[in-house]
Each structure stands twice: as C-alpha cells, then as structure tokens.
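Report on the following structure.
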Amino acid sequence: MSTRLDNRNTVQHDPWLALSLGFVLMVTLSAALAPWFSPYSAGGLEEKRILETPSYAHWMGTDGLGRDLLTRVLYGARVSMTVGVGTALIALVIGTIYGLVSGFRGGAIDQLMMRLVDIFYGLPDMLIFILLSLVFGRNIGGLLIALGMVSWVRFARIARGQVLQAKEFLFVEGARAMGASRRRLVLRHILPNITGPIIVTLTFSIPSAILAESTLSFIGIGINDPYSSWGTSWGTLAQDGWRAMRTYPHILFFPAAAIFLTILAFNFLGNHLRDWLDPKGR
Amino acid sequence: MAASMGVNTSRLWSQSAIMAPRAGSLSVGKGLSESHHVKKISRGKMISFLLRRLFHGALVLWVVASLTFILLRLAPGGPFERERKLPPEVIANLEAKYHLDEPPLAQYLRYLSGILRGDFGPSYKYLDRGVNEIIADTLPTSALLGLLALGFALALALPLGLLAAYFRDSWIDRLCVFISTLGISVPHFILGALLIWGVALQLGWLQAGRWDDWTSAVLPMATLGAAPAAYLAALLRSTLIETFGEDFIRTARAKGVKESAVVLRHALRHLLIPVLTVMGPLTAALLTGSFVVEYVFAIPGMGRFFITAVTDRDYPLIMGVTLVYTTLLVGANLFVDLLYGLVDPRIRTE
C-alpha cells in the first residue's frame with residue numbers, strides 16, 4: 001500500500017503531475033523570456049490582419065487591433081506570474097512572522113493577534129482586494145500590496161498552529177531545557193519543522209492570487225494598463241475577447257485557457273505536495 | 001465506545017453524539033442523567049455565548065465600517081473627478097451638499113450615526129435613489145442567486161463525494177476527484193463565458209443576459225455553484241472515507257445491516273458537522289463570486305452595483321454594500337455556530 005502511494009507522487013508514475021509541472025515551467029519560462037520566445041513584438045500592430053482566426057502565422061489568431069494573440073498571451077504570463085509569486089511571497093513573509101510571534105509568545109498577545117486574524121479571515125477577500133486596490137492604485141505594484149495584505153492571514157494561521165504543535169515536541173522542550181535562546185529555538189528547531197505546511201500554502205496561494213488578479217482585470221477594476229508593452233493581464237485579454245465573443249470566440253478562448261490551465265496546474269502541484277509532505281493527511 | 005453507542009441509539013442525545021466526526025477524540029458516552037445535567041448548564045451558557053458572539057459580530061462590523069471609511073478617504077481621486085473636469089465651484093457645491101467639506105472626523109461620526117439609524121445615505125451616482133433603496137432593490141436578487149447556487153452545490157457535491165468515498169481509489173474516485181479539481185480551478189468569469197458561449201449561443205438552449213423566469217437563472221446558478229460544489233465534494237469525500245473506516249460502520253455491517261442503510265442511515269449523518277463548518281467560508285465564496293457572476297450575466301444584483309460604485313467612487317454605495325456583505329457573513333457564521341449546538345450537544349457545553 002505504502003509503495004503504491006509513494007509511486008503516485010513521482011513524475012514517472014503520474015502523467016498529471018508531469019503535465020502540470022511541465023505547464024508551470026512553461027508559463028514561468030514565457031514570463032521570464034517573453035521577448036525572446038514570442039513570434040512578434042509586444043506592441044506590433046498589423047492593420048491588415050485584424051481579428052484573424054488561428055493560422056500558421058498567428059497560432060492563436062489576432063485581436064481587434066491586429067496584434068498577435070500568442071505574443072500577448074506570452075507577455076501576459078509575466079503579469080500573472082509576477083502577481084502570483086509576488087503576492088504569495090509577500091503573504092508568506094508577513095504571515096509567517098506574524099504567526100511565529102503569535103504562537104511563540106502565547107497568552108494575551110496571542111489572543112489579541114489571532115482575534116485580528118479572525119476578523120480578516122471572515123471577510124470576503126475580493127471585497128478587501130477591491131477597496132485596497134483603490135488606495136494603492138490599479139497597477140501591478142498596487143495590486144501586489146493589496147493582494148499580499150489579504151493573503152497573509154492564511155499563512156499566519158498555519159504558522160501559529162504549527163508552532164503550537166512544535167512547542168510540544170520533546171526535542172523542542174529538550175532544547176529549551178538546555179538553555180537554548182528564544183531566537184535559536186525559533187530558527188533552528190521550530191522553523192524547519194513548519195516549512196512543509198508553509199510550502200503547501202505557498203503553492204496554493206499562487207493560483208488564488210492569479211485568479212483574483214485576472215478576475216479583477218476581467219471585470220475592469222484590476223490592472224488598468226491595456227497598452228502596456230511590459231505585458232497585459234490575461235484577465236484584460238479575456239475581457240477584450242468577452243466583448244467580441246459572439247463573432248470571434250478565439251480571442252476569449254486562448255487567454256481563458258491560459259488562466260484556467262495555470263491555476264489548474266498549480267492546484268495539482270499543491271495537492272501532490274501536500275500528500276507528499278504530509279502523508280498523514282491522506 | 002461503539003458498543004455504548006450501539007446500546008443507546010434509541011435515545012436522542014446519543015444519536016446526535018454519533019453525528020460528530022472523530023468522535024473518539026472527544027469525551028462521549030456519558031450517562032443519560034449526566035446528559036440532562038449538561039443540557040441545563042448549557043441554557044445559561046448558551047445565552048452568554050450568544051451575547052459574546054453578537055458582541056464579536058458588532059466589533060467586526062465596526063472594524064469593517066471604519067476600515068472602509070479610512071480606505072476610501074485615503075484613495076487618490078474623488079467621486080466628482082471626471083474626464084471632463086467640472087468647474088471648481090460645482091465641485092465645492094457638490095462637496096458641501098454631501099458634507100465632504102467637513103473634517104474627516106465629523107464625516108466619520110456622521111457616517112457612523114447614519115449606520116446606527118439604518119441609513120446609508122444618498123448615492124452620488126443615482127440621484128433619485130438612496131443607498132438603502134438600491135440595496136433593498138438588489139439584495140433579494142443576489143440572495144436568490146446565492147441560495148440557488150448553494151442548493152446546486154449541495155445537490156452536486158453529495159453524489160460526487162459519496163461515490164468517490166464509497167469506491168475509494170477506483171477509477172470512479174479518480175474521476176470525481178478530477179472533476180472536483182477542475183471545479184476548484186475554473187474562474188467564475190471563464191465558466192460563465194463558456195456556458196454562455198456553448199449553451200446559449202452555440203446550442204441555443206437557454207438565453208443569457210436576462211433575469212426574468214427560471215430558465216434565465218440556470219446558467220448563473222451553475223456558474224456560481226460550481227466552485228462550492230467542488231470544495232464540498234472534496235470535503236465530503238475525505239469525511240466519508242474516514243467515516244467508512246470507523247468501528248460503528250463495521251459493527252453495522254457485521255450486524256447484517258443492509259449496505260444502503262449503512263450508507264444512508266449511519267454514514268451520511270456524519271456529514272452534517274463538516275458541512276456546517278464550511279458554511280461560513282462558503283457564504284463568503286458565494287458573495288465574492290456573485291460580483292463576477294452578476295457582471296457576466298448582467299443580473300441586476302448587489303454585486304453589479306458594487307462594481308459600478310467602485311468605478312464611480314460612489315462612497316456611500318460602496319460602504320453600504322460592503323457593510324451588507326459583512327453583516328450577511330457575520331450572520332451566517334453566527335447561525336452556523338448556533339446550529340452546531342443543535343446538531344452536536346457536546347459543543348453546547350464548550
């Protein structure tokens with residue numbers, strides 16, 4: 001039984017894991033290397049080739065301004081990956097430190113800190129994203145801050161729970177009895193023990209940030225920069241396609257597929273990581 | 001423990017004790033007299049619990065009201081900024097009319113006292129309607145959509161989760177888990193757009209972009225309910241897998257109880273608590289999703305007004321809708337906590 005479970009989590013034995021890993025790598029590469037990868041330049045307009053369906057010259061067709069859709073989708077990976085990974089990292093740092101402090105201190109401070117987390121946790125994320133993005137501006141930086149400020153709560157909860165558990169471990173008690181400093185306790189004994197769940201949370205945070213960003217951009221209150229040469233959000237691309245869906249569905253399908261497959265691939269990876277790092281959870 | 005439950009199944013208290021998941025980790029199996037004792041204490045505690053929760057709910061509302069107020073004042077740009085600039089005198093008049101020329105603290109107090117009186121103020125955008133009126137008009141639509149989606153989610157998740165757990169590790173299980181992962185991953189706006197394109201435009205079965213009879217509710221309901229259905233299915237599956245491994249299921253099977261009765265009478269009732277537990281987050285997910293679904297399907301609900309209010313910087317409308325959403329959420333959580341006590345008597349004592 002156990003060997004079968006183990007096998008499931010290796011790339012050779014699970015085509016889905018291999019596929020999702022491959023897809024995530026592909027998206028990451030196109031985010032990093034879009035200018036070298038993409039067949040056309042970012043702002044390239046071709047007035048004669050407006051709204052073309054997919055062909056050999058334009059694999060995903062062209063949009064209403066004659067821009068190559070494949071190029072736009074490849075550049076869009078930059079926005080999605082930056083927002084996804086950036087938000088997850090911001091949330092990781094804030095949330096983990098918060099949770100570590102809260103769990104390690106315990107007592108009244110812990111109660112107060114966690115009450116704040118509870119309040120945040122109970123609110124619909126999207127509502128706060130929208131309000132925060134009004135303050136920090138509708139650009140990538142503003143969105144990163146807004147998303148990070150909401151997502152840290154998840155990390156704080158996990159980190160605190162893990163610290164409370166780890167505090168009970170005998171080796172931590174032993175280290176404390178031997179006079180280890182608080183700093184050493186946290187850094188050497190507790191932190192390594194809570195990395196597993198934190199990494200899993202990180203993996204799930206990336207797709208949910210990508211989801212939030214593309215949704216906000218789709219409904220027109222996300223990143224407000226439709227002609228950016230650095231990259232246009234997949235959500236904005238999908239919005240372009242949504243307007244023309246009746247006659248030119250391909251403009252919607254390709255960005256939509258990019259968003260959906262990226263989120264799906266990250267969720268698959270997250271599930272596998274969770275099973276792999278925490279066999280008890282099965 | 002299983003034995004004591006087997007003996008006492010005819011008594012109500014012990015039946016509901018069975019309903020808790022992981023019953024072994026908590027102290028169960030008290031005598032009947034003791035359980036009556038527990039109930040008497042719990043009434044007084046119940047009231048203090050309720051008061052504490054109400055206080056906490058009020059605190060959350062106050063925090064959200066203040067945060068929204070502060071955030072909106074901090075946001076660059078104002079409600080009367082247009083592409084074609086208004087003359088400064090007009091802006092000054094408008095600001096005077098809506099008390100935006102007062103110091104922030106005075107505005108804040110005016111706003112709070114308005115909320116306490118149940119008045120969210122005028123809308124900057126819709127001059128003929130106040131925020132209260134807009135909310136009264138649109139909330140029923142959003143609530144109906146949310147309830148339909150919740151029903152859809154439960155109706156879909158129950159068979160999926162049950163099949164997956166019962167045929168654990170078979171291809172049926174893998175198919176159900178796969179469907180559930182798909183459902184969790186697909187954004188509302190993509191599913192909605194695909195459904196409109198496929199079902200409404202290509203097949204022509206339903207019409208999209210209307211909100212009048214029940215056929216116009218089918219696609220929005222499915223779009224909004226898909227992700228909750230996927231979450232619930234995954235949750236039900238893992239709970240049921242655990243339940244099917246419990247001693248009392250083995251006991252029931254050993255007694256020769258029919259397999260259908262084992263599933264329907266013994267295993268299914270264990271789902272109540274986990275489902276209740278996620279009701280709070282689920283309500284939040286439905287509320288959040290409703291913005292997008294109402295936008296995509298052009299449904300005249302509160303979420304769509306919220307989005308246009310954000311674009312227009314219609315402060316009172318943004319704050320009003322935010323508070324209504326928060327109240328709904330707080331109310332749902334409180335309701336769930338009360339139901340817990342009803343479903344599981346041990347929780348009443350805590």
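In what follows, every heavy atom counts, from backbone to side chain, and hydrogens, waters and symmetry copies are set aside. Reminder, nothing fancy here: chain letters follow the sequence lines and each chain counts from 1.
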Review point. B:I190 versus chain A, heavy atoms under 4.5 Å apart: side chain, backbone, both or neither?
Key: side chain
Review point. So which of A:W16, A:F136, A:F266 has the biggest tally of heavy-atom pairs under 4.5 Å with chain B?
Key: A:W16
Check your understanding: Any idea how A:F268 and B:F178 line up, ring-wise: parallel (<30°), tilted (30 to 60°), or perpendicular (>60°)?
Key -> tilted
Point to revise | Leading residue by heavy atom contact count with chain A [cutoff under 4.5 Å; candidates B:V186, B:L191, B:L74] | key: B:V186
Point to revise | Proximal component of B:I241, with respect to chain A [non-hydrogen, under 4.5 Å] | key: neither
Review point. Does any heavy atom of chain B fall under 4.5 Å from the side chain of A:I219, the backbone, both, or neither of them?
Key: both
Check your understanding: For A:L264, is it the side chain, the backbone, both, or neither that has a heavy atom closer than 4.5 Å to a heavy atom of chain B?
Key -> both
**Study point:** chain A contacts, top residue of B:L287, B:T283, B:V321, B:I307 (heavy-atom pairs, under 4.5 Å)
**Key:** B:I307
Point to revise | Residue A:S214 versus chain B: region with a heavy atom under 4.5 Å | key: both
Practice item. Output the distance between atom CD1 (A:I128) and atom CG (B:L71), rounded to the nearest 0.5 Å. Key: 9.5 Å
Review point. Side chain, backbone, both or neither: which part of A:A238 has a non-hydrogen atom closer than 4.5 Å to chain B?
Key: side chain
**Study point:** Test log, rule side chain to side chain contact (heavy atoms under 4.5 Å, CB included), inputs A:T215 and B:F291
**Key:** CA-CA 10 Å; A:T215 302; B:F291 297 167; over 6 Å; no
Check your understanding: Going through the checks in order, is the side chain to side chain contact (heavy atoms under 4.5 Å, CB included) test met by A:W242 and B:I196?
Key -> CA-CA 10 Å; A:W242 163 248; B:I196 291 178; 3.6 Å; yes
Review point. Tell me, side chain or backbone of B:V330 under 4.5 Å from chain A's heavy atoms, or both, or neither?
Key: neither
Check your understanding: How about A:L131 and B:I318: do any of their side-chain heavy atoms sit closer than 4.5 Å?
Key -> yes
Check your understanding: Is the number of heavy atoms from other residues, nucleotides or ligands within 6.0 Å of OH (B:Y111) greater than 12?
Key -> yes
Exercise for review: Could you please state which residues from residues 108-116 of chain A sit under 4.5 angstrom from chain B, measuring non-hydrogen atom to non-hydrogen atom, sorted by number, or 'none'?
Suggested key: A:R115
Review point. Checking heavy atoms, do the side chain of B:R313, its backbone, both or neither come under 4.5 Å from chain A?
Key: side chain
Practice item. Supply the atom-to-atom distance B:L182 CG to A:I263 CD1, rounded to the nearest 0.5 angstrom. Key: 12.0 Å
Exercise for review: Could you tell me which residues satisfy ring pair (Phe, Tyr, Trp, His ring centres under 6.0 Å) with B:F305, sequence neighbours excluded, listed by chain and number?
Suggested key: B:Y126
Review point. Is it the side chain or the backbone of A:L252 that comes within 4.5 Å of chain B heavy atoms, both, or neither?
Key: side chain
Review point. Can you say whether the rings of B:Y295 and A:F218 are parallel (under 30°), tilted (30 to 60°) or perpendicular (over 60°)?
Key: perpendicular
Review point. If we ignore angles and hydrogens, is there a donor and acceptor under 3.5 Å between the side chains of A:N267 and B:S185?
Key: yes
Study note, to complete from the structure: Most heavy-atom pairs under 4.5 Å with chain A, out of B:L329, B:L59, B:V60, belong to B:L329
Point to revise | Proximal component of B:V63, with respect to chain A [non-hydrogen, under 4.5 Å] | key: side chain
